[in-house]
Amino acid sequence: MLRSARPWSAFGPSAAASGRTASGLILTVLEAPRAFLLQGDPDDHRLAEILWRTIGIRRGLAMGEVQRSETDGSRLATMAPDAWLYLQPNPASPRIAALTDALADASIAALIEQTEARSWMSLAGAHVERALAGLTSRPLTPARFPVGAGYAIALGPVHCLAERPGMTLFRIACPTSYAPYALAMLRRI
Amino acid sequence: MTGSRLPAGGLIDRTKPISFTFEGRALTGYAGDSVASALLANDVRIVGRSFKRHRPRGLLSLGMEEPNAILNVGTGAHAAPNRFATELPLAQGLAVSPTRGWPSSRFDLGGVLDLWPTPLAAGFYYKTFIGPRLPGVRDAWNRLWEPLLRSLAGQGRAPEGVDPDAYDHAHIEVDVAVVGAGLAGLAAAEAALGRGARVALFERDIRPGGRALGRDGDPRIDDAAPLAWAEGAWARIADNPRATAKLRTTAFGLYDGRQLAVYELPVDGPYAGRIWHVRAKEIVIAAGALERPMTFPGNDRPGVMLASAVEAAIRRYGVRPGGQAVVFLNHGDGAGLRQALNAADIEIVAEVGPDETVTGTQGFGRLQSVDIAPLGPDGLPRMDARRRVPADLLATSGGWSPALALHLIQGGRQAWSEADGCFIAAGGGQDGVRLAGAANARFSAAAALADGHGSTAGGAPGPKTTGGDAAPSGQGLPLAPIAAERLKRQAFIDFQHDVTVADIGLAAREGFHAIEHAKRYTTAGMGTDQGRTAQLATAAALAAATGREIGDIGLSGLRPPVTPVPFGALGGWRRGALFAPVRQTPMHRRHEALGAVFEDVGDWKRARYYAAPGEAMAPAVARECRAVRTAVGALDVSTLGKIAVAGPDAAAFLNRVYTNRMDTLAVGACRYGVMLKDDGMVFDDGVVARLGPNRFHVTTTSGGAAAVLNWLEDWRQTEWPDLKVWLASVTEQWAGVAVAGPNAARTLAALAPELDLSDTAFPHLTWRDATAAGLSARIFRVSFSGERGYEINVPWRHGEALWDAVLAAGAIPYGTEAMHVLRAEKGFIVVGHETDGTVTPVDLGLSWLISAKKGDFIGKRALARPALTAPGRKQLVGLEPEDASVVLDEGAQIIATATPRPPEPMLGHVASSYWSSALNRGFALALVKDGRARHGERLFAWSLGVAHAVRVRDPVFYDPKGARLHA
Amino acid sequence: MLLIPCPHCGVRPETEFVYGGDATVRRPDPKTASLDAWAAYIYERDNPKGPHTELWLHASGCHSWLVVERDTVTHAIGQVRQARDAAS
Amino acid sequence: MQDRFSAGRILREALGGNAGWRPWRRNPEPKPRYDVIIVGGGGHGLATAYYLAKLHGIANVAVIEKGWIGGGNAGRNTTIVRSNYLWDESAAIYEHGLKLWEGLSADLNINVMFSQRGVLNLAHTLHDVREGMRRVNANQLNGVDAEWLDAPGVKAFCPLIDISADARWPVLGATLQRRGGTARHDAVVWGYARAADRLGVDIIENAEVTAILRDGQGRFDGVETTRGTIKARTGALVAAGHSSILAAMAGFRLPIESHPLQALVSEPLKRLLDCVVMSNQVHVYVSQSDKGELVMGAGIDAYTSYTQRGALHVIEDQMAAACALFPMFSRVRVMRTWAGIVDVCPDASPIIGATPVPGLYINCGWGTGGFKATPSSGWTLAHTIATGAPHPLNAPFALKRFETGALIDEHGAAAVAH
């Protein structure tokens, strides 16, 4: 069946694209989590209730805040005062259906799937902060980009989303069509 | 080691000899040498020729102020033009040569220009080469004089080929950034670290210490010799985890938000470097001071050196720059110099006293003697009483000027200080930026240390100094009185550009009284040395010539960078494949395999056509078009911009955005729409599909997606915040394949057997969710070709699989060129072809898209403006060349005659033009004045000198009834 | 490079933003607006030498349109608000 | 004009030790009243004064400059001169200017170093090619010299350009105007000043306008300056970079935004680039000065500003682009960067003519292209001032056009094709 085709076509990142960067950082291409952009009124309590009921996560309001589910590794990153990104590593999680059903009519909030829109990769190594700083004027010091946070960030000309799961580890999502460029950019640091 | 190297001493490693070549001559120096000090050690006295008069020049300095020693380094792709010998650490195998002087710097034919320099005075070129014609030469300036001047001018040779070096960029944020690791800078950095700050310290030299490097006679610091203290302080700072300390790293710019731009060069290799973008809460500029040469007749003779350079030669490089020295200072700080000369066993044959001056020097290519004369009551030298002393070295100092460049280029001010005998910082600039040490006119070691330490207030007490402390006292202007005009032409102010006291006098005589005018007229201070030695002397000479005070004249403005920075370094890593991003669709690899030729659309690569082996473009495109018209074709439409619009007010929002109604759109249906800017001009177009009562899927042009989304967000957030609607880009969520042609339904049926494709179940301009090729798909029944068409959208990662399936089901791939032919045959417009920001929907014949029933929409009011309704506007028409075999040039202009006589009135232009295999003729879409009233008229399409007769007609060439949509 | 304190994302470099120009322009009612009122709305902009109220889109941040007070002589940046709040 | 410049004169004066050279212009005290006041001592203002005196016999004119003449954009541009504009109105006024350029050295008796080395506008996409062809054809039919070159033609004309097909933005062709080129900006400013001064025009420096005076009927009546009140019944605002400020003083608004535009020069190199190269897609424009420096323009900074100071990232973007197009420039170094303030109109075309204030005229909005227009803008504004009516050349560039919507949009195509 055609569905069994490789998850990524050759244009984009495949596991083969993983490896070490010029300065020895470990660059790993990740399978994309299911991603849903959630947009709604930050003060709307109905929305908060729906989120808690369907995905078991309380909405963060501060930019960079990433709220995590206790149970299934899913998370909700604050993208804008009225926008959050729900990231669910388990593509078959029943919570996805629960959430989409609850917001299907877009009367309270808009829920748009963007799973395909981003390519995910991780960059790890002792000097990862310094190396990435060559690509962005966005400060990356722990004070400005704490462990656990996630921000929109420009790497060179590419608008990305970056998470910092650990002090020496960044998870980066770039627009899918820019993935070949983004990988080349990261490989040389 | 031969030459002038002293038997011992200096900060060089005599166990590490380094060989290099100068003008092909093999020479040797030591690790720790600069190219300049090595040349001096090898008795190379002529290091280049001047720009205009080709005078032989030697090393004036051993530092960043050097105007003379400009070298070409390396050859071919490794070449680097105009590098300063004083700034180049000596490296093994380095091949350097002067940038001027032919055949050599010693014997330069250009030297004849110096035989009678008077006609070549400042600005001479403005006053000649004026006449439009010379006997026999038309346009003499362009054909004769300018080429001649250009071949004489210029300095270094540009490299050839691609730069083999790589450059990088870095960004850091610190509390305190310190520029300069001299005494003041080191004290400032240590003080800042002392109070827990994160510190960045940048030193342009390859060693810390600043003036301590080439100087003796300073006090002991914390009971250590100054240099030992400096090295200790540097080590402490470099070891501190809160500090970033870099050598051979120059702060070349200071920008808004206290952002320093810093260029780091490797201490060992000459070029490849990194630019640091440094953001700091506080910036300490401790860039030191620059010594000023005295201006007197013959002051450019090789052997005339700055006093600090003589000291540095002896103390830092262990080089003996001469045997018999004349000392000519305009201040009292000569102790260190004298000690150095004595240490090097250099005889001081004369010291020019305060009531004396130098009136001339002699010697070709090397100083042989110096004329010294007493000053008369009129303050001018008494030439009759002058004496000539033999000397091969003249150590001169006209005092010191604080290095204010960084302060000035960020908007700082400066003012003349009579007490200090120099211009000093006088406020302005950004908060949190301070000068310290000699840059702050604190010239003595003790004062500099205290200033540097104090300038970052708080923390531990600063370094203690003990012992004598020297500083220039009573320094005046570096301008020696000169008796005769003739001698003023030998007294150089700008060594590199051969600007003399006489030139400044001439500029003053001709009315160039503003310093900026005098500078531009004489080019004083406009050389690659950026006028470090010339700036003050220029102002001083202008003051003298116009009888004004130097403080009233001021100095000419400085512009970044403080020191030259390579293009490649500024460009950084964005070169080659990383220069600009490329966007690819998931089918890209398939297109390549099919022999696609790509076109750039925004950042996208789109397949333009698929050439079978040996197939040219025209037949390929014709073949692809025939496939769509007679069977079925497949086009990759993944690049289309896609925006999800959702929320209770989504329909109301889109109603205001498009010219036609979107609120009446039924769920399951789609509709074509155009967007206008509020000036009434077409901005973008696409298809709007209603997914639910509150949910829409909107497509934009491939190139316009980002701009459209930003623009829609602008309206949503700033104009209509009351509307409850949200926008999200889903461009890369959906890959798409357009399946078009009479067999399109059959092809789709093969992919989605369970989908009812009848016109009743799935009519034109509707969409359905379905499973296609085993993939969950959203299928839009739309047509941009005039044939029955479906756009199958699947999750991006499955684009390739979908493409394979569609082709396997019999569709022929076609590219954007065929797409254009097909849409043009139907008279469909493309934003960017038929629009250029000056075209309204009415001009395009899209009035039917403008809803009269609904209220306001963006651009509606503007459409009523007189010029947008007046007759004579250009309207969309079709053109048929009378000669059916002709395909008009796109961009051809429409005129009324076959034989234009400029200025020939133009009626419009060809926007799109193709060969149509369906019509078996060339055809075009054009915008023509009152075009709709001209149908049937015979006009001419004119391009690059050829006029083709064309017949104006309706823009719909093919299937005007639209029957084929349902074929 | 300007440093713009985004009310949501904190201080960010100018390169993350898209400039939107004069923020004081108000769209007149299209039904009643005179020709020159409309022309003024489309084309005329505050262009002061000194304090300026202007729009910036935080394109590689929270995608908010912001109303920024900036001095066109010193480039000093004052109050920054979300345009949505400023408008309503 | 006495005191003429020539090669012979240079030799004669040299024999006399250059003692005989006279000031290029007087340094007059402002008179209380003039026939015409021109605010702005840049190229455009000085040219206006010169043509008023020379062609219209109006010599009782004051040019008022807040600093030193030529200290604004006249001294901050990349000196490119061309006339290959798309629309008839633009082509007409720029071509008129180009013809004036061709005789300017002789007319002003100073070498303005107008170098007709040819201007290339590169096309990197099919869209660029369409627009380029459209412009070339329009130029030719307007009597403006223009040629279309394919990629090999570009390489032949300018061997330095990388035309390799695998470049990120391959060169598909270019428009060429051979009569275009560069000139020496200081010489233009000083030449117009010298010539105008010789005809009796007072050039008054260090006089900043602090107020614009209007009489009871609201007509222009003079200006207050830091050097006192100066009266006149006719005035013209010719102060690029401060047009909106002066307009506000006079009580009207302009459709203008003022942005920093950065430019730079490299260190001087041996002659290597013999034409002007411009590329919108890659965003480079470059020429080599007679002295050997590469002179380059960058993009305008995004925001409005009155500091003649731009941001570094704009320079960095431009240097990356320059190296993409001219790989061998990578090791050449930037010597000076600077910024001018450009007044940008919504349709990228200038405003030359009447203002809502009777007796007051304005010339502004040249955006990034003002230098090349110096002669024609002065010429047409002088005509407008002298006759009280616009010349056909500048009539289309009236301020009124923004009301009617009859814009002259030189941005070229607004969007990118499907």
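Convention: sequence-line order gives letters A, B, ...; per-chain numbering from 1.
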A.B. asks: Who passes side chain to side chain contact (heavy atoms under 4.5 Å, CB included) against D/S6, sequence neighbours left out?
C.D. replies: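 So D/S6 forms a side chain to side chain contact (heavy atoms under 4.5 Å, CB included) with D/R9.
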A.B. asks: Got a sec, which residues hit side chain to side chain contact (heavy atoms under 4.5 Å, CB included) with D/S330, two or more places apart in sequence or on another chain?
C.D. replies: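 Residues passing side chain to side chain contact (heavy atoms under 4.5 Å, CB included) with D/S330: B/D163, B/Y167, D/C323.
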A.B. asks: Decide yes or no for B/Q893 and D/R134: does some side-chain heavy atom of the first lie under 4.5 Å from some side-chain heavy atom of the second?
C.D. replies: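 Contact flag for B/Q893/D/R134 side chains = yes.
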A.B. asks: Are side-chain N/O atoms of D/E316 and B/H277 paired as donor and acceptor at under 3.5 Å?
C.D. replies: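 Looking only at side-chain atoms, B/H277 and D/E316 do form a donor-acceptor pair, the distance falling under 3.5 Å.
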A.B. asks: Go through the atoms of B/N82 and report whether side chain, backbone, both or neither lie under 4.5 Å from a heavy atom of chain D.
C.D. replies: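 Its backbone and side chain both get close to chain D.
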A.B. asks: Using a strict 4.0 Å threshold on nitrogen-to-oxygen distance, state whether B/E160 and D/R331 make a salt bridge.
C.D. replies: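 Answer for the salt bridge query: no.
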A.B. asks: So, does D/N18 use its side chain to make a donor-acceptor pair with the main chain of B/T118 at under 3.5 Å?
C.D. replies: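 Yes, the answer is positive, given that a donor and an acceptor are paired below the 3.5 Å cut-off.
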A.B. asks: Please answer whether the main-chain N or O of D/A311 pairs with a side-chain N or O of B/D256 as donor and acceptor at a distance below 3.5 Å.
C.D. replies: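 Not a single qualifying donor-acceptor pair exists.
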A.B. asks: For the pair D/W190 and B/F512, evaluate ring-ring contact (aromatic ring centres under 6.0 Å, His included) and give the outcome as yes or no after the intermediate values.
C.D. replies: CA-CA 10 Å; D/W190 300 340; B/F512 295 91; 4.8 Å; yes
A.B. asks: Please check if the side chain of B/D600 supplies one atom and the backbone of D/T125 the other of a donor-acceptor pair under 3.5 Å.
C.D. replies: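 No: the side chain of B/D600 does not pair with the backbone of D/T125.
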A.B. asks: Does any N or O in the side chain of D/T337 come within less than 3.5 Å of the main-chain N or O of B/P560, such that one atom is a donor and the other an acceptor?
C.D. replies: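 It does hold such a pair.
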A.B. asks: Let's go through B/E146 and D/R117 carefully: what are the C-alpha distance in whole Å and the side-chain angles of both, what is the deciding distance for salt bridge (charged side-chain N to carboxylate O under 4.0 Å, His left out) to 0.1 Å, and is it a yes or a no?
C.D. replies: CA-CA 10 Å; B/E146 188 186 43; D/R117 52 182 71 174; 3.0 Å; yes
A.B. asks: Of the backbone (N, CA, C, O) and the side chain (C-beta and beyond), which part of D/R309 lies under 4.5 Å from a heavy atom of chain B, both, or neither?
C.D. replies: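 When you check distances to chain B, only side chain atoms of D/R309 fall under 4.5 Å.
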A.B. asks: Taking it one step at a time, do D/Q288 and B/R150 satisfy side chain to side chain donor-acceptor pair (under 3.5 Å)?
C.D. replies: CA-CA 10 Å; D/Q288 187 179 23; B/R150 288 190 68 191; 3.0 Å; yes
A.B. asks: Heavy atoms only: give me the nearest B/S943-D/M133 pair and the separation to one decimal.
C.D. replies: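 Taking B/S943 first and D/M133 second, the nearest heavy atoms are OG-CE, 3.6 Å.
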A.B. asks: Measure the CZ-NE2 distance between D/R130 and B/H909 for me, rounded to the nearest 0.5 Å.
C.D. replies: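 One gets 9.0 Å once the value is rounded to the nearest 0.5 Å.
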A.B. asks: Any chance you could lay out the side chain to side chain donor-acceptor pair (under 3.5 Å) test for B/E510 and D/W24, step after step, and finish with the verdict?
C.D. replies: CA-CA 6 Å; B/E510 294 189 286; D/W24 286 34; 3.0 Å; yes
A.B. asks: Considering non-hydrogen atoms only, spot the tightest contact between B/H497 and D/K291 and give its length.
C.D. replies: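 Taking every non-hydrogen atom into account, CE1-NZ, 3.0 Å.
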A.B. asks: I need the minimum non-hydrogen distance between D/N137 and B/L944, along with the two atoms involved.
C.D. replies: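 Result for this residue pair: OD1-N, 2.7 Å.
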